[in-house]
Amino acid sequence: MLSVRDLRVSFCTEQGMVQAIDGVSFDVAEGEILGVVGESGSGKTVSLLAVMGLITDPNAVIEGSIKYQGRELVGLSAKDMRKLRGREIAMIFQDPMTALTPVYTIGWQIAEQIRAHEKISAKAAEQRAIDLLQEVNIPNPAEAIHLYPHQLSGGMRQRAVIAMALSCNPSLLVADEPTTALDVTVQAQILDLVRKLQKNYKSAVVFITHDMGVIAEIADRVMVMYAGRIAERGSKRELFSEPQHPYTQALLDSIPPLEGKRPHRLKSIPGAPPALLHRSTGCAFAPRCAKRFDACVNMPILTANGHDAACFKVNPI
Amino acid sequence: MLLAILRRVGQMFFVMVGISMLVFMIFFATPGADPASRIAGRNASPEILEAVRKSFGFDQPFYVQYLIMMKKIFITGDLTSFVNRGWKVVPAVLDTIPVTLSLVIGAAILWVIFGIIIGTVAAATRGSWLDKLLMILGLIGISMPVYWLGEVMNLVTQSRYHDTWMFSWVPPLGYKNLSSDPKGWFLTLIIPWITLAILYIGLYGRVLRANLIEAMQEDYVRTARAKGLSETRILLRHALRTSLISFVTLFGLDFGALVGGSALLTEVVFDLHGVGKLTYDALQNLDLPVIMTTVMYASFFVVLANALVDVVYILLDPRVRSV
Ligand SMILES: Nc1ncnc2c1ncn2[C@@H]1O[C@H](COP(=O)(O)OP(=O)(O)OP(=O)(O)O)[C@@H](O)[C@H]1O
Ligand SMILES: [Mg+2]
């Protein structure tokens, strides 16, 4: 249903052009959960904001193709994009503490979204808001619609945000690290909720995270991003059982094992991702890679056979 | 609620006691301000000086003088001027209140409306020529001294172009009573309102624009965009609504100060006998009773304006309500 081809996003900054996303292609199929994982700054948020048409920075240049149910979104008019946003494609963000307007009740904010896309009465919209809050397990939904964001805990706020995102029954939900700002038990509840709702609503979900553990719980397919490109992608099973890219392997090594003796120290990846301005022409991961060899001064290309990696070890030229 | 009101009243009491004591002490500590010698005249003999001291009660201890003055302001209301003997001060101050309130409230309505319009339009079109034009006009408005602007306004509307179709409606300077001559009241105040409001329109427009642009970077605006709302709705219902909270704070401070007498220059230029003008005249000849009464009045209004701001705050910001 969503098909992104060779997406490039660059920003004109004072220091020069910054290529945040450098040729990313992926598909999301009806009803699946795609996990997007990568270190901070790898371009997860920017690539999906581009899909949403939410890059408002006037210095941004977006190239490539984003097709949603056959319709090209790059270059779509702001008005048409607005009709899709919130109704067909919804997005929830990382920090539930700041994601809601502080001066309106959550019921009002949910009803606002419904009424932006459907001609229904205020009363009916309010009833829908109550039902939605019920569905995301907020206690006493009929009273909860009258609460202001500051009167809810972080977990409850994130539930309200999720309820709002689902209010128009979108076929694609983009969740940008929805659990990162929450504590572990609440995280697990929210993950359960997303899974349950994804089943009930049959929406496809793009779930962004930097936590391989979360990916293991929720995703059907996984896309690993590094420095604005795709390092590896494949089904969750393939990716976890036989990771091909050294970066994926390193990420997997950094999750604590569920069983057996805890290792003395978890492995971490030495070094830091490259700064956007000083991108080399070769493999961006090479400076931190234990398996690098001569070929890595060139840019590896992503294979195209279902389980793909951009690494010369896998795809020697 | 009752507790909040009581707290406000208590606060008002403390502010007024504190300020009145301060004014009292400053007055008697000011060199050359010895009221007896001022009242008696430059070449008065010691006997006359002594007599004046007695008759005005300056020979009594300070705290007695202070208490007598407070009593005369608040209880008997028969405080008289040191300069014009027999001139009752309290009614004189009460007479000036409608003038100042008319001037300031009218100007405040203008500057709130136009400040919001200009700030919002500039924020909505930021970076465009319209935004730049509005901000430059705002800057000009802020930098024009109000007495100069007032004089120019008078020059244009009272003499130069008074006899043209444009300004023949402008009545001569001075205040007309609202209850007896509402039309005259309105017409005489139009030019003063505009003059006083221009500075604040510029200021509020610029501040609001900055607040709105900041608000448009907030996460909740991104959420609103993701909901598929229109940019206009996001700007007005989300960003503007949230920015009004700081707008009101600023408004409370300025409004309180103006009602308290800071509209002095406008009052002088347009010959409106308001509180500011009265205070100014009293300061000229160090007339303590008048100064004291206007200061009491001013602090009352500043605290009252703050209390009103708090009420509006509670209406605007749900986060304040629950604490
Ligand atoms: N408006 C902008 N101007 C310039 N650079 C930007 C802008 N927005 C994002 N970037 C850059 O694009 C890169 C990718 O950012 P992005 O937010 O997508 O990372 P991320 O993978 O979501 O990281 P995180 O896990 O921290 O959320 C970053 O290096 C960031 O500095
Ligand atoms: Mg991000």
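Chain identifiers are assigned alphabetically (A, B, ...) following the order of the sequence lines, protein sequences preceding nucleic acid strands; residue numbering begins at 1 within each chain.
- Of the listed residues L49(A), D95(A), L84(A), T56(A), the one with more heavy-atom pairs under 4.5 angstrom with chain B than any other is T56(A).
- The environment of CD in E63(A) is crowded: more than 12 heavy-atom neighbours from other residues, nucleotides or ligands sit within 6.0 Å.
- With Y148(A) as the aromatic partner, R319(B) does not meet the cation-pi criteria of under 6.0 angstrom to the ring centre and within 45 degrees of the ring axis.
- If you take OG1 on T223(B) and CZ on F93(A), they are separated by 5.5 Å, rounding to the nearest 0.5 Å.
- The CD atom of Q217(B) lies 9.0 Å from the CG atom of D57(A); values are rounded to the nearest 0.5 Å.
- Contacts of L54(A) with chain B are made by side-chain atoms alone, with heavy-atom separations under 4.5 Å and no backbone atom involved.
- When each of M52(A), Q113(A), K83(A) is checked for heavy-atom pairs under 4.5 Å with chain B, Q113(A) comes out on top.
- R237(B) has no carboxylate O lying under 4.0 Å from a charged side-chain N of E112(A), or vice versa, which leaves the two without a salt bridge.
- Looking at M81(A), neither its backbone nor its side chain comes within 4.5 Å of chain B, counting heavy atoms on both sides.
- Comparing S230(B), A215(B), A224(B), G127(B) by heavy-atom pairs within less than 4.5 Å of chain A, the highest count is held by S230(B).
- Separating the CZ atom in R222(B) from the OG1 atom in T98(A) is a distance of 7.5 Å, to the nearest 0.5 Å.
- A donor-acceptor pair shorter than 3.5 Å cannot be found between the side chains of H238(B) and Q109(A).
- In terms of heavy-atom pairs under 4.5 angstrom with chain A, the leader among L316(B), T242(B), I245(B), L229(B) is L229(B).
- Considering every non-hydrogen atom in both P102(A) and P318(B), the closest pair reads O-CG, 3.3 Å.
- Using a distance-only test at 3.5 Å, with no hydrogens or angles considered, a donor-acceptor pair links the side chain of R85(A) to the main chain of R225(B).
- Heavy atoms from other residues, nucleotides or ligands lying under 6.0 Å from OH of Y220(B) number more than 12.
- For chain B, no part of T105(A) is nearby; none of its heavy atoms comes within less than 4.5 Å.
- No more than 12 heavy atoms of other residues, nucleotides or ligands shown are found within 6.0 angstrom of CZ on F186(B).
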